[in-house]
Amino acid sequence: MGIRKSSRASQATTLRQILKRCSSLGKKNQGCDHLPDDVPKGHFPVYVGESRSRYIVPIPWLAHPQFQTLLQLAEEEFGFDHDMVLTIPCEEVVFQSLISMFR
């Protein structure tokens with residue numbers, strides 16, 4: 001599956017937005033009560049599947065082409081204009097299989 005140049009530029013922008021949003025996750029005492037306390041620095045939460053199961057994902061995984069494909073699907077399905085919640089539109093078993101390759 002090839003990605004067009006305009007899609008790559010869009011993905012890069014989206015990736016920067018996610019990193020910006022996630023860069024403060026896990027930091028304490030910033031005056032933001034809505035940040036999850038259980039997310040370690042360098043990670044971010046994603047919600048996967050119909051049941052919206054929560055996973056804590058290391059930020060470097062964003063660089064993996066397979067994860068970027070999931071991000072593109074999420075952008076097409078949901079957009080990224082919601083408050084600090086990234087939902088991945090795939091079956092949970094598929095997501096688990098994918099992340100097992102990253103470890």
Side-chain angles (χ1 to χ4, degrees):
M1 164 188 289
I3 299 176
R4 295 185 317 249
K5 285 186 180 181
S6 62
S7 290
R8 286 185 186 172
S10 174
Q11 266 188 321
T13 300
T14 300
L15 186 58
R16 275 189 238 109
Q17 289 171 344
I18 292 170
L19 286 172
K20 184 176 178 182
R21 287 182 183 177
C22 296
S23 65
S24 62
L25 290 178
K27 293 181 182 175
K28 307 292 187 253
N29 301 323
Q30 288 191 331
C32 296
D33 296 331
H34 64 282
L35 294 176
D37 290 332
D38 63 337
V39 178
K41 184 176 180 179
H43 292 72
F44 64 99
V46 296
Y47 298 86
V48 179
E50 289 183 23
S51 64
R52 303 290 194 257
S53 297
R54 186 172 186 243
Y55 291 84
I56 305 299
V57 177
I59 288 176
W61 287 5
L62 291 170
H64 288 276
Q66 295 89 350
F67 204 90
Q68 289 183 8
T69 299
L70 291 177
L71 292 175
Q72 185 177 15
L73 291 172
E75 180 182 28
E76 291 169 3
E77 179 93 11
F78 306 112
F80 284 124
D81 289 333
H82 35 90
D83 188 34
M84 307 250 335
V85 177
L86 178 59
T87 303
I88 305 291
C90 76
E91 294 180 23
E92 190 172 355
V93 68
V94 173
F95 184 79
Q96 289 173 346
S97 175
L98 179 68
I99 64 174
S100 71
M101 293 186 294
F102 297 161
R103 294 180 180 162

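In what follows, residues are counted from 1 in the order of the sequence shown. Keep in mind that the numbers below use all heavy atoms, side chains included, and drop hydrogens, waters and symmetry copies.
Contact annotation: the side chain of Cys90 approaches that of Leu70 to within less than 4.5 Å [non-hydrogen atoms, C-beta and beyond]. Contact of the Ile56 side chain with the Phe44 side chain is not registered, since no non-hydrogen atoms from C-beta on lie closer than 4.5 Å. Looking at heavy atoms from C-beta onward, Leu71 lies in side-chain contact with Leu62 at the 4.5 angstrom threshold. Gln72 is not listed as a side-chain neighbour of Gln68, based on a closest heavy-atom distance of 4.5 Å or more.
Across every non-hydrogen atom of Tyr47 and Arg54, the tightest pair is OH-NE, 3.1 Å.
Clustering ILVMFWY residues whenever any of their side-chain heavy atoms sit less than 4.5 angstrom apart, transitively, puts Val93 in a cluster other than the one holding Leu73.
Not counting sequence neighbours, Ser97 has no partner by the side-chain hydrogen bond (donor to acceptor under 3.5 Å, both in side chains) test. Take Ser100 and apply the side-chain hydrogen bond (donor to acceptor under 3.5 Å, both in side chains) test, not counting sequence neighbours, and it matches no residue. Looking at residues two or more places apart in sequence or on another chain, you find no side chain to side chain contact (heavy atoms under 4.5 Å, CB included) involving Glu50. Applying the side chain to side chain contact (heavy atoms under 4.5 Å, CB included) test to Gln66 and every residue at least two apart in sequence or in another chain returns His64, Leu98, Phe102. Taking the side chain to side chain contact (heavy atoms under 4.5 Å, CB included) definition, one finds that Pro58 meets it with His43, Pro60, Trp61, sequence neighbours left out. Listed by chain and residue number, nothing satisfies the side-chain hydrogen bond (donor to acceptor under 3.5 Å, both in side chains) test with Glu91 (two or more places apart in sequence, or in another chain). By the ring-ring contact (aromatic ring centres under 6.0 Å, His included) test, Phe95 pairs with Tyr55, sequence neighbours left out.
Under a 3.5 Å cut-off, the side chain of Ser53 and the backbone N or O of Gly49 do not form any donor-acceptor pair.
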